[in-house]
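Working notes, beginning with the structure itself.
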Amino acid sequence: MNRKQLKSLQLKYGVEASLLTNFIDSFGLVETEKIMSMKPSDLKRTVRVNLMKVTREQAIQRLKQEKIIAKEIPEPPEGLEILKGWEKVGSSQTYLAGEIMPQGLGSMLAVHALDPRPGDRVLDMAAAPGGKTCFIGERIRNSGLIVANDKSTSRLSSLISNLSRHSIDPVIIMNLDAGQLRNMEFDRILLDAPCTGEGLVVSQPSRRKSKGIQNSYTMQNVQINLLRRALSLLKVGGIMVYSTCSLSFIENEQVLLSSLVSVEILDTGIISGNPGNSDIHQSFELSKRLLPSKLACDGFFITKIRRLQ
Amino acid sequence: MDINRELALEILSEFGIHHIEDCEYYLIELEKTKIYTYSRSKLNFFKYEKFIKSKGIPFLKIVKGNTMLLPGIIHIVQIEDEITLTNKQAHDFSYGKSMEIIGEDGIYMVRDTYKRKIGIAQISDSILIPLIDQGWYLREGA
């Protein structure tokens with residue numbers, strides 16, 4: 001593609017030049033155009049059902065009483081798509097009672113891949129606002145321990161309120177730079193790493209201009225350090241999920257590449273989504289990349305790993 | 001004897017609450033704030049104490065001598081008297097609104113038509129006054 005064509009696309013979709021080039025290099029022109037032509041309303045709105053309180057069928061019925069229409073989605077088994085009444089979800093009694101949580105497909109599937117079990121000691125390294133932490137608590141059936149850490153003090157309030165609403169109580173909430181965590185050992189770790197968020201270009205169009213490829217390289221350093229710290233806190237044989245809401249290879253496969261010597265990449269157990277980039281390393285074919293154009297959700301990347309040494 | 005549970009009960013008695021579930025109770029002290037929390041699990045975790053903001057779910061907060069109930073109390077409180085609200089009433093109650101109601105004066109566990117615990121209220125002179133409701137965090141933050 002020549003400079004003129006690139007400039008034309010840049011203007012058409014309102015995208016920062018290096019971000020657009022990186023998308024085209026990564027996913028091809030056709031897929032990039034599909035993504036960039038999407039509007040926020042093209043995305044599916046999803047919630048997660050708290051199966052400790054109600055079944056999916058009960059949640060659908062209760063939402064219907066509140067004039068909110070929902071249907072089951074193929075995965076995870078807690079997921080619902082809201083077909084009508086999305087604007088009422090946040091003030092619904094079903095929500096206030098902690099029976100549902102608005103949550104994107106990628107966030108749900110990250111915890112689904114982590115597959116926490118009752119009795120596990122789980123670390124959620126960047127926990128606020130707590131949607132994934134609640135899901136972890138529901139999967140361990142409130143039996144075990146979750147250490148929910150977040151660096152941001154201001155974001156802890158939403159974490160606490162979500163845990164309270166969902167009755168998730170085996171939780172210690174910490175306010176620490178995750179890079180400072182030491183001398184602990186966990187069965188499972190969720191590292192939903194800070195990222196440029198360029199997978200959110202559809203739901204938050206302002207991100208098309210605010211982030212370029214240089215931001216991805218800046219975040220990569222942070223992500224590599226967090227990944228190494230996370231692995232040092234994971235017991236040998238323990239399971240970790242590394243996820244981001246960035247689609248870039250720079251913030252995902254290339255981050256993981258730095259630690260491949262000490263881990264085994266595992267199947268995520270997720271059915272939907274595209275495989276990771278196996279040109280970077282063959283084992284990334286087990287990773288999952290959720291493209292907005294394929295799944296009508298925010299872009300997301302998920303890799304499941306086991307610590308070997 | 002769980003000293004934190006006893007201390008919390010002493011404060012809760014000011015709200016007419018005299019029984020809470022038998023579980024683990026913790027006291028978190030942060031500068032000028034004291035927060036009582038509960039968990040049904042023992043949270044033995046001694047590292048980084050000064051960075052710990054909560055153990056389990058907060059249910060009582062004391063800031064500069066002012067005591068306030070938090071929604072977590074709804075999960076552990078034991079109150080014999082219960083009142084069930086209609087959908088419309090439950091909606092209003094969850095927004096912290098008082099309402100006229102028929103009932104004896106006293107402290108009540110409030111439920112909705114699905115029997116969900118949605119808050120704690122006092123009835124006084126046929127007015128139902130929320131002490132704490134499940135929508136509190138949405139209005140007040142944490």
Side-chain angles (χ1 to χ4, degrees), chain A residues 53-54 58 61-62 65-66 88 90-99 118-119 121 127-130 137 140-151 153-178 180-185, chain B residues 21 23-26 28 30 35 37-59 61 70-76 85-95 111-119 132-142:
Chain A
K53 294 196 175 200
V54 285
Q58 284 172 324
Q61 287 309 313
R62 290 177 184 201
Q65 286 284 322
E66 302 191 73
K88 298 190 197 105
S91 59
S92 68
Q93 294 293 307
T94 317
Y95 168 75
L96 291 175
E99 293 173 347
R121 284 171 65 97
I140 66 172
R141 312 296 295 177
N142 260 348
S143 152
L145 173 69
I146 305 169
V147 174
N149 180 69
D150 206 278
K151 185 181 171 182
T153 309
S154 61
R155 282 159 55 90
L156 291 180
S157 57
S158 50
L159 173 61
I160 290 171
S161 67
N162 280 324
L163 290 166
S164 178
R165 195 165 49 250
H166 286 251
S167 314
I168 305 299
D169 63 48
V171 185
I172 291 172
I173 296 173
M174 295 181 63
N175 183 206
L176 190 61
D177 183 332
Q180 293 178 264
L181 293 167
R182 280 173 177 76
N183 304 320
M184 292 184 274
E185 195 172 74
Chain B
E21 205 177 288
C23 54
E24 302 294 322
Y25 289 93
Y26 304 95
I28 311 287
L30 308 166
I35 301 169
T37 68
Y38 79 88
S39 175
R40 292 181 179 86
S41 304
K42 272 196 163 61
L43 302 176
N44 297 323
F45 188 87
F46 302 104
K47 294 182 176 69
Y48 308 105
E49 282 290 338
K50 70 174 180 174
F51 296 106
I52 291 178
K53 298 299 177 189
S54 185
K55 287 181 178 180
I57 295 177
F59 64 93
K61 187 173 175 178
L70 300 175
I73 188 71
I74 300 166
H75 304 308
I76 51 166
L85 302 183
T86 65
N87 291 343
K88 169 73 171 68
Q89 287 171 325
H91 182 271
D92 289 348
F93 180 81
S94 297
Y95 280 82
R111 294 182 184 269
D112 66 10
T113 52
Y114 286 111
K115 285 292 174 193
R116 295 179 289 210
K117 293 178 180 178
I118 63 170
I132 189 72
D133 59 273
Q134 61 179 3
W136 186 89
Y137 275 125
L138 289 189
R139 297 191 307 277
E140 309 288 340

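Residue numbers begin at 1 in each chain, while the letters A, B, ... track the order of the sequences.
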Counting only heavy atoms from other residues, nucleotides and ligands, does the tally under 6.0 Å from NZ of Lys151(A) exceed 12?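 Result for NZ/Lys151(A): open.
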Against chain B, work out which of Glu99(A), Gln58(A), Glu66(A) has the most heavy-atom pairs shorter than 4.5 Å and name it.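 Counting heavy-atom pairs under 4.5 Å, the top option is Glu99(A).
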Closest heavy-atom pair and its distance - [X], [Y]:
X: Leu43(B); Y: Asp169(A); value: CD1-O, 4.0 Å
X: Ile118(B); Y: Gln93(A); value: CG2-OE1, 4.4 Å
X: Ser41(B); Y: Gly144(A); value: OG-O, 4.1 Å
X: Tyr114(B); Y: Gln61(A); value: OH-O, 4.4 Å
X: Leu138(B); Y: Leu96(A); value: CD1-CD2, 3.3 Å
X: Ser167(A); Y: His75(B); value: OG-CE1, 3.1 Å

Under 4.5 Å heavy-atom distance to chain B, tell me which part of Gln180(A) shows up: side chain, backbone, both or neither.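 For Gln180(A), the contact with chain B is made by the backbone alone.
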Out of Leu176(A), Leu156(A), Asp150(A), Leu159(A), which one pairs with Lys53(B) under the side-chain contact (heavy atoms from CB on, under 4.5 Å) rule?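 The passing option is Leu156(A).
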Identify which of Phe51(B), Tyr38(B), Phe59(B), Tyr26(B) forms the greatest number of heavy-atom pairs closer than 4.5 Å to chain A.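 If we count pairs closer than 4.5 Å to chain A, Phe51(B) comes out on top.
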Greatest number of heavy atom pairs closer than 4.5 Å to chain A - which of Gln134(B), Lys50(B), His91(B):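 It is Gln134(B).
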Listed by chain and number, what are the side chain to side chain donor-acceptor pair (under 3.5 Å) partners of Ser91(A), not counting sequence neighbours?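 Partners of Ser91(A) under the side chain to side chain donor-acceptor pair (under 3.5 Å) test: none.
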Any residue meeting side chain to side chain donor-acceptor pair (under 3.5 Å) with Asn162(A), in chain and number order, not counting sequence neighbours: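 Side chain to side chain donor-acceptor pair (under 3.5 Å) list for Asn162(A), sorted by chain: Arg165(A).
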Region of Arg40(B) in contact with chain A, defined by heavy-atom distances below 4.5 Å: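 For Arg40(B), heavy atoms of backbone and side chain both lie under 4.5 Å from chain A.
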Side chain, backbone, both or neither of Asn87(B) within contact of chain A (heavy atoms, under 4.5 Å):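 For Asn87(B), the side chain is the part near chain A, not the backbone.
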How many angstroms lie between atom CG of Asn175(A) and atom CD1 of Ile52(B), to the nearest 0.5 angstrom?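 Between atom CG of Asn175(A) and atom CD1 of Ile52(B) there are 11.5 Å.
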What distance do Ile160(A) atom CD1 and Ile35(B) atom CD1 have between them, rounded to the nearest 0.5 Å?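 Those atoms lie 6.5 Å apart.
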Side-chain heavy atoms of Leu70(B) within contact of Ser164(A), under 4.5 Å: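 Side-chain contact under 4.5 Å: no.
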Measuring only between side-chain heavy atoms, which start at C-beta, is Arg116(B) closer than 4.5 Å to Thr94(A)?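 In short, these two side chains touch, coming nearer than 4.5 Å.
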